[in-house]
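Remarks on the structure that follows.
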2 protein chains.
Amino acid sequence: MKISKLKPIETLTQVDKIEQSLQDYLESANLQPGDALPKEVELAQALGVSRTAIREALSRFRTLGIIESRKNRGMLIASPDPLVNFERVMSPKLLNDDTLRDMFELRLVLEVGNCELVFKRKTAADIEYLESIVDKEEHTAQSPKNSAILIKYDIDFHSGLYKISGNDTLIRFQKMLMPVFMYSFKKFHPDPKQSILNHEVSHRDLLNTLKKGTVDDFRSKMKKHLRNYYDKIS
Amino acid sequence: MKISKLKPIETLTQVDKIEQSLQDYLESANLQPGDALPKEVELAQALGVSRTAIREALSRFRTLGIIESRKNRGMLIASPDPLVNFERVMSPKLLNDDTLRDMFELRLVLEVGNCELVFKRKTAADIEYLESIVDKEEHTAQSPKNSAILIKYDIDFHSGLYKISGNDTLIRFQKMLMPVFMYSFKKFHPDPKQSILNHEVSHRDLLNTLKKGTVDDFRSKMKKHLRNYYDKIS
DNA sequence: TATTTTAATATGTCGTACATTTTTATTTAA
DNA sequence: TTAAATAAAAATGTACGACATATTAAAATA
């Protein structure tokens, strides 16, 4: 047998086992948001463990947003916000290189895939908003001195596109992916000539296509806009 | 002032505050994965709280994968897997309707955006694998009786496309999004005529385009393949 | 010097106690 | 009898102390 087939010895702590039991219970009980949970002492007795251990297991579900507890009253099933925990761990410094690369690509995937939604939902006000950003951007001279503000406009523009999608989850994704994206670009391609602001298709071009072109034009231009990045993935 | 501007009174529990303090500490200390953390008692003393409370706050970070603790030895900074918590809460029954809709759209975004990666990385073996699925699929008669197995092939085919992307994060995303996608489609559009297997562009068409067409052809066909779903979003 | 034994250490688990606030039950007053 | 006031019960949050256990470091021994 290959050594890779060897699974690490189970060193499950008791709380880990309790967590499993609770997970099974929650699933089998077919509970839905708002439903009450048994009291801590009841659970502890049912599983034959201390309240301390039960509380730590419950704390995990609480952290994940699966349950909610109201002081002095009891616990109930919650409707978790799937992104909130994602956001908390999205720190570039903590993520390993593989994940960083994945996130880099993921942003590109989202950016292109989002084009459909943008075209489906764009309004005159949206265009106007983007235009105001591009105006300001063009008004800012392209000197290294201004790169920070230009990067801000860059982020604003792309964030604006996501806002048009109207998909809150997508918007939040973009928001948490962006810093990771920037970080990994600089980390893996520190070539100073490859500025993150150097695009063969400008935001102005994109905006004009958004106004007058088709969704296919727009997506195509977006891909060219992101060419610097696409070239980096193999 | 609008009532919506009113923020709920802060009813932060002590552990919440401890969590905040720890978060600040972790950030300011500029720790990286593998670095050791102070002992529980030290933290408790530094913050002037009991070990119980500290442990609960630490447990949250442990749940998120930000820290890791080795029994009898100490705690250290970990490299969190950002998706693992996401996966844990991705239960259709728990998510609210807005989130369900967002996830539905997100799958479409990913599916279209992934086309680029697929074309960039497809190999002969990948094509062969997809072909084997499509063969089996076509061999299965289109009767309600076989819908379960056909759905399985459908999932296999699309999963296969994500596998080609080589992006593990993306693959896992697809995997956790798929059940939510199916669930919300049935929930919001229970029309039995709108089968999830009824596509004007078949998997065979997609496969042939993947073999002989361009990435633009492929994406275009993918959009048509998903037309049933795209029509559902407004 | 090398090996064995001992001691110190840090997290995991347990039990008990109490604070606090909500809910329920009881008592009191009109 | 009904309504208000009061008391009791209930449940989570927090604290403290204790011990188990396995690792690591230190000390003792051959």
Side-chain angles (χ1 to χ4, degrees), chain A residues 7-26 29 31 33-80, chain B residues 8-26 29 31-80:
Chain A
K7 297 211 172 169
I9 303 294
E10 272 191 38
T11 83
L12 286 184
T13 167
Q14 188 173 29
V15 174
D16 291 332
K17 294 177 202 156
I18 297 174
E19 183 188 354
Q20 277 266 209
S21 296
L22 285 180
Q23 179 83 47
D24 294 345
Y25 165 70
L26 293 178
L31 298 166
D35 288 356
L37 265 72
K39 324 304 169 197
E40 292 177 352
V41 277
E42 289 172 14
L43 291 170
Q45 279 170 1
L47 294 176
V49 294
S50 73
R51 201 180 144 219
T52 309
I54 273 285
R55 270 184 65 79
E56 184 168 340
L58 287 169
S59 158
R60 299 185 183 177
F61 291 99
R62 219 172 355 227
T63 300
L64 294 173
I66 293 173
I67 70 173
E68 227 174 78
S69 61
R70 299 178 181 178
K71 199 177 175 188
N72 322 318
R73 296 217 273 147
M75 296 174 292
L76 38 80
I77 303 291
S79 182
Chain B
I9 303 295
E10 273 191 37
T11 83
L12 286 183
T13 168
Q14 187 172 29
V15 174
D16 291 332
K17 294 176 202 157
I18 297 173
E19 183 188 354
Q20 284 240 252
S21 297
L22 285 179
Q23 178 84 48
D24 294 344
Y25 165 70
L26 293 178
L31 298 166
Q32 47 186 338
D35 289 354
L37 265 72
K39 326 303 169 198
E40 292 177 352
V41 276
E42 288 173 14
L43 291 171
Q45 279 170 0
L47 294 177
V49 296
S50 72
R51 203 180 141 217
T52 310
I54 274 284
R55 271 184 65 79
E56 183 168 340
L58 288 169
S59 158
R60 298 185 185 177
F61 291 99
R62 220 172 357 229
T63 300
L64 294 173
I66 292 174
I67 70 173
E68 229 175 75
S69 61
R70 299 178 180 175
K71 198 178 175 185
N72 320 318
R73 296 217 275 146
M75 297 174 292
L76 39 80
I77 304 290
S79 182

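Per chain, numbering begins at 1; letters A, B, ... match sequence-line order. Side chains included, hydrogens not; waters and symmetry mates left out as well; all remaining heavy atoms used.
Of the side-chain N and O atoms in B/Ser69, none sit less than 4.0 angstrom from OP1 or OP2 of C/dA10.
In terms of heavy-atom proximity, B/Arg62 sits nearest to B/Ser69 at NH1-OG, 3.0 Å.
Picking from C/dG12, C/dC14, D/dA15 the nucleotide with the shortest atom distance to the side chain of B/Arg62 gives C/dG12.
Atom CD in B/Glu42 sits 10.0 Å away from atom CG in B/Leu37 (nearest 0.5 Å). Between atom CG of residue A/Leu22 and atom CD1 of residue A/Ile66 there is a gap of 10.5 Å, rounded to the nearest 0.5 Å.
Protein atom CZ of A/Arg55 is 12 Å distant from nucleotide atom C1' of D/dA15, rounded to whole Å. Atom CZ of B/Arg51 and atom P of D/dC16 are 13 Å apart (whole Å). Rounded to a whole Å, the CG atom of B/Asp16 is 13 Å from the C1' atom of D/dT12. D/dA9 atom P lies 17 Å from atom CG of A/Asn72, rounded to whole Å. In this structure, the CD atom of B/Glu68 is 11 Å from the P atom of C/dG12, given to the nearest Å. Atom NZ of B/Lys71 and atom P of D/dT24 are 14 Å apart (whole Å). To the nearest angstrom, C1' of C/dT11 lies 11 Å from CD1 of B/Ile67. Taking atom CZ on A/Arg73 and atom P on D/dT12, their separation rounds to 12 Å, with Å as the unit.
Nucleic acid contact class of B/Thr13 (heavy atoms, under 4.0 Å, all strands): sugar-phosphate only. Backbone-only contact: A/Arg70 has heavy atoms under 4.0 Å from sugar-phosphate atoms and none from a base. Residue contacts shown for A/Val15 are limited to sugar-phosphate atoms, with no base heavy atom under 4.0 Å away.
Between the side chain of A/Thr63 and the main chain of A/Ser59, a donor-acceptor pair closer than 3.5 Å is present.
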